[in-house]
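Here is the structure we will look at.
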Amino acid sequence: MKIIAGNWKFNKELRNLEKAINFVEALEEKISGFNNVEVKIFPHDSVLPQLAKKVEKIKIGAQDIHWEEDGSFTGAPFSAKDLISMGVKEVLIGHSETRAYFGVTDEKVSLKLKAALNDGIIPTICIGEDIEEKERGETEGVLRRQIEKGILPALAIYREQFSENSSLQNEVKSKSSFMLAYEPLYAIAGFAKLRGLEPKSAQIGDIKPAIGIIRKTFSENGYPEIKILYGGSSNPENARELLSHPCIDGLLLGTASWNFGSFFEMIKVAEEISLI
Ligand code: PGA
């Protein structure tokens with residue numbers, strides 16, 4: 001089963017509650033007969049609790065969480081416990097825009113990840129290198145650093161904490177308790193535009209080895225089966241090609257998920273490909 005996740009970021013239209021609800025309700029209806037694709041939406045916090053109440057099939061997640069539950073943290077996003085009380089069970093962690101604009105480091109990724117896992121929220125953890133790092137041949141080093149500093153310690157603590165409980169241990173090892181999104185920064189539309197470049201997806205020739213490095217690093221550390229999404233300028237034109245590669249379990253979309261037609265188009269492609 002392929003996954004199509006839409007990150008609504010700070011899109012102004014979709015921070016309008018009425019429009020956001022219409023979008024989600026219409027999509028629920030359109031995908032009601034789909035059984036082979038998992039659809040997720042990460043709306044802005046301003047509409048998150050209301051959307052969480054509207055969905056049956058679509059999974060609603062937050063774009064970020066704060067690692068603490070309480071205290072003097074002006075501007076912090078919701079805590080993991082807040083999400084639970086709203087019925088939200090998914091979260092993005094370490095998205096490159098939170099890293100670039102809001103100071104999210106590997107250490108903070110680790111804290112957020114611990115908070116999410118502790119409350120049973122499924123995190124989609126975003127990692128990826130930038131163009132300069134890629135050109136210097138540092139892709140493997142960057143990905144390994146992000147995994148080893150930001151992700152593995154949090155997963156290990158969680159596993160240890162439940163070492164008495166083998167079913168929970170298996171759960172954290174299993175594919176469904178967390179997923180990764182490989183998002184090379186140079187392919188993300190917002191960053192490309194900032195540089196005055198036309199947004200362009202990464203080449204499959206670059207995506208495959210990067211995903212290979214991620215899988216190998218996790219496998220070496222006792223996580224042989226993980227789900228990995230690709231993110232960065234995916235759109236209805238390239239979705240079929242990207243989703244046909246067995247190494248890609250799904251797509252994390254930004255811009256293309258803001259438009260109902262293109263989002264649905266890509267969900268349809270994923271449904272068809274999963275059936276093959
Ligand atoms: P994009 O964003 O699809 O607009 O490039 C992807 C992402 O940031 O997850």
Side-chain angles (χ1 to χ4, degrees), residues 2-15 23 27 38-45 48 58-65 77 90-104 109 112 122-131 133-134 142-143 146 150-151 178-204 206-207 210-211 214 227-243 245 248-267 269-270:
K2 298 275 183 186
I3 299 158
I4 298 290
N7 175 3
W8 284 0
K9 304 191 179 187
F10 197 53
N11 179 273
K12 195 174 162 192
E13 293 265 299
L14 295 167
R15 295 200 319 275
F23 189 119
L27 192 60
E38 202 178 315
V39 179
K40 303 179 195 235
I41 294 180
F42 297 92
H44 186 258
D45 277 356
L48 181 69
I58 302 169
K59 302 215 165 90
I60 296 288
Q63 294 175 11
D64 193 11
I65 46 167
E90 304 251 349
V91 67
L92 288 180
I93 292 183
H95 188 279
S96 53
E97 286 159 8
T98 68
R99 294 181 193 251
Y101 302 130
F102 306 115
V104 174
V109 166
K112 287 167 188 275
I122 299 176
T124 298
I125 315 147
C126 306
I127 58 175
E129 83 285 24
D130 207 349
I131 192 69
E133 292 163 329
K134 174 174 182 282
V142 171
L143 294 175
Q146 290 175 331
I151 305 176
F178 66 95
M179 55 192 79
L180 267 285
Y182 171 59
E183 302 205 297
L185 273 65
Y186 60 88
I188 291 183
F191 291 135
K193 281 192 192 141
L194 272 185
R195 290 174 168 168
L197 301 170
E198 219 19 68
K200 223 168 73 199
S201 160
Q203 300 289 311
I204 194 70
D206 291 322
I207 300 172
I211 289 187
I214 300 170
K227 287 206 170 165
I228 305 183
L229 313 181
Y230 164 76
S233 298
S234 10
N235 55 45
E237 284 75 53
N238 59 28
R240 190 170 295 275
E241 204 225 321
L242 290 165
L243 288 167
H245 291 278
I248 298 179
D249 294 307
L251 300 174
L252 176 54
L253 318 173
T255 339
S257 70
W258 303 349
N259 175 283
F260 188 88
S262 63
F263 193 32
F264 176 65
E265 191 57 38
M266 296 167 82
I267 295 169
V269 170

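For ligands, and for the atoms within them, numbers begin at 1 and follow the listed sequence.
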When only distance counts, is Ser234 in polar contact with ligand 1, meaning an N/O pair under 3.5 Å?
no
Distance alone, cut at 3.5 Å: any donor-acceptor contact between the side chains of Glu129 and Tyr182?
yes
Return a yes/no value for Glu97: is any of its N or O atoms, backbone included, closer than 3.5 angstrom to an N or O of ligand 1?
no
Heteroatom proximity flag, Gly254 to ligand 1, N/O under 3.5 Å
yes
Polar contact flag for Ile188 and ligand 1 (N/O pairs, less than 3.5 Å)
no
In the protein, what heavy atom is nearest to atom 9 (O) of ligand 1, and what distance, to one decimal place, separates them?
Glu183 OE2, 2.6 Å
Taking distance alone, with no angle check, do Asn7 and ligand 1 share an N/O pair under 3.5 Å?
no
Interatomic distance, Leu92 atom CG to Leu252 atom CG [nearest 0.5 angstrom]:
6.0 Å
If we only count heavy atoms from C-beta on, is the Thr255 to Asn235 side-chain gap below 4.5 Å?
no
Only heavy atoms of Thr255, strictly under 4.0 Å: list the atoms of ligand 1 that pass.
1 (P), 3 (O), 4 (O)
Correct closest heavy-atom pair for Ser262 and Ala256 would be OG-O, 2.7 Å
Return the residue, atom name and 0.1 Å-rounded distance of the protein heavy atom closest to atom 2 (O) of ligand 1.
Lys9 NZ, 3.1 Å
With a cut-off of 6.0 Å (strictly less than), are more than 12 heavy atoms of other residues, nucleotides or ligands near CZ of Phe10?
no
Salt bridge (charged side-chain N to carboxylate O under 4.0 Å, His left out) assessment of Arg15 paired with Glu13
CA-CA 5 Å; Arg15 295 200 319 275; Glu13 293 265 299; over 6 Å; no
